[in-house]
Each structure stands twice: as structure tokens, then as C-alpha cells.
Amino acid sequence: MKKYTTIEDIENLTELINKAIQLKNNAFQFEALGKHKTLVMLFFNASLRTRLSTEKAAKNLGMNVTVLNVNDAWNLEYEDGSVMNLNTAEHVKEAAKVISQYADIIAIRAFPTLKDKTKDESEFIINSFIKYATAPIVSMESATAHPLQALADAITIEELKTSPKPKVVLSWAPHTKTLPQAVPNSFVSMMQKLDVDFVITHPEGYALNPEITKDVPVYHNQEEALKDADFVYSKNWSSYSNYGKILEVDSSWMMTKEKLASAKFMHCLPVRRNLVVEDAVLDSDQSLVIEQANNRTFAAQIVLKNLLENL
Ligand code: AN0
Ligand code: CP
């Protein structure tokens with residue numbers, strides 16, 4: 001692996017998942033690998049899990065870690081050839097090269113604007129760093145993808161499935177804030193690579209990018225989609241076709257204990273209780289959200305290990 005900004009960067013998924021699960025029993029097995037190596041984490045946006053689990057993963061591998069909240073640094077310019085007489089103080093060309101001198105691996109969190117689809121889909125922040133940095137780049141959630149979350153989710157499903165080909169349902173949930181499609185995009189791509197029976201359910205107007213969903217069955221009837229589910233992944237996302245818009249906050253799409261039946265419940269967190277999912281689900285032993293968050297460490301650790309081995 002030379003970078004990890006999409007799950008397409010994974011060479012052998014089954015092997016990576018199995019190795020991540022093995023790491024859980026012996027987290028410090030490779031602590032010599034990262035000696036005198038530094039992970040620099042750049043945050044353009046807030047984080048709880050990604051920040052703490054990625055730092056923990058790096059430290060388990062013996063790495064040093066530096067965190068920069070980019071809002072505390074200079075406002076970066078990304079346009080080539082621009083006259084920088086406005087609000088940007090430093091070009092990404094210099095910044096990426098300078099950071100590369102302090103870092104062996106650079107991890108970046110950069111959310112979309114959710115206003116300009118073309119700009120978001122260009123992934124100008126993460127792609128500028130891929131272009132100008134000399135250290136490998138890890139996405140900690142970009143405009144269109146959250147590959148570390150998807151890997152943690154795959155690990156969770158592999159560990160906890162009770163049948164060879166479980167049924168997994170991605171179910172849109174209500175929210176009052178405009179949220180990205182990054183988490184569902186990477187989850188959908190990941191489910192297409194696993195041996196699962198996968199369906200998506202969302203209200204009309206919330207179709208994800210068809211280049212990502214491809215031929216995955218989509219139901220506008222949530223009840224029908226949830227039939228015989230083994231894993232239910234709830235997540236809100238804003239409209240993709242009516243880009244970045246909240247079309248409705250229909251509380252009937254909230255996940256309930258009754259709808260969940262005997263399935264396991266998944267969510268990437270942070271989750272708004274009694275808006276996305278009711279308390280009775282999160283407070284039950286059917287909820288896997290804490291296990292998913294724990295697996296973020298081992299997803300990050302197996303990715304960092306792979307990158308360190310290829311430096
Ligand atoms: C973000 C999102 O939906 O992409 C981060 C989730 C990991 N969620 C919020 O901003 C609430
Ligand atoms: N799931 C996830 O990425 O959480 P944070 O936004 O808290 O990092």
C-alpha cells in the first residue's frame with residue numbers, strides 16, 4: 001500500500017481484515033516497526049474517534065504522533081497560479097512539502113463544502129496533498145470517502161456475523177444538520193466487496209452517487225428492506241442529486257427496537273439519540289457502535305503497518 005485514501009487502495013481485503021483481527025490479541029507485536037517514524041495528523045474538521053484511535057494505532061506501532069488542527073495554522077491556497085492577495089497565506093505546494101519533512105505518514109481529515117458538488121468531488125484538499133507531499137497520505141474522512149470507518153465496519157461484521165452470508169441493510173436516518181455522503185459511500189463500496197447480501201433503503205431524493213451504488217438493490221420502503229436483516233447500519237446523509245440539501249426530516253425513518261427485530265445495530269458515531277435511533281436500540285446489547293469504534297484502532301493500525309512496511 002502506498003496510500004490509503006479510498007478502499008480501492010486495499011490490495012487483499014480478506015487478508016487485511018484477518019490481520020486486523022489478529023492485531024487485537026497482540027496490539028504491540030509490531031512496536032519496533034514505527035520507531036523513529038512520525039505520523040502527522042492534519043484536522044480541517046472536528047473529530048473524536050478518528051483522532052484518538054489513529055493516534056493510539058500509531059503509538060501501538062511505536063510511532064511518534066503530531067496533531068495539527070489546521071484552523072490554527074495558515075489558511076491554505078490550492079489554486080495553481082493564483083495571485084494570493086486575498087485570504088490565503090500559504091500555498092499547499094509549500095505546506096505539503098514542508099510537512100513531508102516532519103512526517104513519514106500524513107493523515108488528513110477534510111470534509112466537503114456540501115455546496116459545490118464539482119469542487120467536493122475533485123477532492124482538492126486530499127488530492128493536493130497526494131500530489132505535492134512526499135509522504136504517503138491516509139484519509140481520515142475526505143469530501144467523498146471515509147475508508148478507515150469502512151474498514152472498521154468490515155472488521156466488525158466479519159467478527160460478529162453468525163451466518164456465512166449475512167444480510168446487511170444501510171438505512172437512511174433523519175438528521176437536522178447537513179451531513180456528507182462520505183460514510184455511506186465507503187460503506188456501500190465495502191459491502192460490495194464482502195460476501196454479504198446487501199441492500200440500501202432511503203426516502204425518495206436521497207439516492208447516493210449511482211457510480212458508487214451500481215446495482216445494489218435500493219428500497220424506498222424501509223420495512224421491506226429490513227426483512228430478515230442481520231446487520232442494520234443507520235446513517236443520515238444529505239441529498240446527492242439536490243446536492244447538500246435536507247429534503248425532509250421525516251422522523252418515521254428513525255431506527256427503533258421494533259424495526260430492528262433481532263438484527264445488530266451499527267452506526268459510525270457520533271449519533272443523535274432519538275433522532276437517528278431511539279435509546280432502546282443504543283442501550284441494548286444489539287448495538288455494536290462501541291465495538292465499531294474500538295475497531296477503528298485496529299483498522300488504522302493495520303493500514304499504518306502496511307504503509308510503514310512500504311516506506
Ligand atoms: C460526520 C459525517 O456524517 O460524515 C462524521 C461522521 C464520522 N458526522 C457529523 O458531522 C455529525
Ligand atoms: N466515526 C468517526 O469518524 O468519528 P469522529 O468524527 O469522532 O472521528
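Nothing fancy with the numbering, it's 1 onward along the sequence. In listed order, ligands and their atoms are each counted from 1. It should be emphasised that the depicted structure is a prediction, and the values quoted were computed from it without experimental measurement.
In this structure, H267 and F265 have parallel ring planes: the angle between them is below the 30° cut-off, well short of the 60° mark.
Nearest heavy atom pair, residue H202 against residue H220, reads O-CD2, 3.0 Å.
When only non-hydrogen protein atoms are considered, atom 7 (O) of ligand 2 lies nearest to L48 N, 2.7 Å. With hydrogens left out, the protein atom closest to atom 8 (N) of ligand 1 is L179 CD2, 4.1 Å, a heavy atom. With respect to atom 4 (O) of ligand 2, the closest heavy atom belonging to the protein is R49 NE, 2.8 Å.
Checking V183, L269, T50 against atom 8 (O) of ligand 2, the nearest heavy atom belongs to T50.
Only the side chain of Q149 comes within 4.0 Å of ligand 2, judged by heavy-atom distances. With a 4.0 Å cut-off on non-hydrogen atoms, E141 does not touch ligand 2 at all. By the criterion of a heavy-atom distance under 4.0 Å, neither the backbone nor the side chain of L148 is placed next to ligand 2. Residue L269 touches ligand 1 through its backbone alone, judged by heavy-atom distances below 4.0 Å.
Those atoms of ligand 1 with a heavy atom of E141 less than 4.0 angstrom away are 2 (C), 4 (O), 5 (C), 6 (C), 7 (C). Heavy-atom contacts of R296 reach the following atoms of ligand 2: 1 (N), 2 (C), 3 (O) (cutoff under 4.0 Å). Interface atoms of ligand 2 facing H146, defined by a heavy-atom separation under 4.0 Å, are 2 (C), 3 (O). Listed by number with element, the atoms of ligand 2 under 4.0 Å from a non-hydrogen atom of S47 are 5 (P), 7 (O), 8 (O).
Considering backbone and side-chain atoms alike, N236 places every N or O at 3.5 Å or more from each N or O of ligand 1. Distances between N or O atoms of K235 and those of ligand 1 include at least one value under 3.5 Å. Annotation: R51 places no N or O atom under 3.5 Å from an N or O atom of ligand 2; distance criterion only. Considering backbone and side-chain N/O atoms, C268 comes within less than 3.5 Å of an N/O atom of ligand 2.
Remark: distances from the non-hydrogen atoms of P180 to ligand 1 include one below 4.0 Å. Contact annotation: R109 has at least one heavy atom less than 4.0 Å from an atom of ligand 2.
Side-chain atoms of D153 and Q149 include a donor-acceptor pair closer than 3.5 Å. A donor-acceptor pair shorter than 3.5 Å can be found between the side chains of E159 and N295. Between the side chains of D120 and Y243, a donor-acceptor pair is found at a separation under 3.5 Å.
Under a hydrophobic clustering in which Ile, Leu, Val, Met, Phe, Trp and Tyr are joined whenever their side-chain heavy atoms come within less than 4.5 Å, directly or via other members, L179 and V277 fall into different clusters.
Under a 4.0 Å N-O distance rule, the pair D283/R273 qualifies as a salt bridge.
We find the CG-CE distance between L33 and M63 to be 8.5 Å, quoted to the nearest 0.5 Å. Put simply, OH on Y206 and CD1 on I246 are 6.5 Å apart, with the number rounded to the nearest 0.5 Å. Atom-to-atom distance recorded for L208:CG and T213:OG1 is 6.5 Å, nearest 0.5 angstrom.
When the shell of 6.0 Å around CD of E309 is examined, it contains more than 12 heavy atoms from other residues, nucleotides or ligands.
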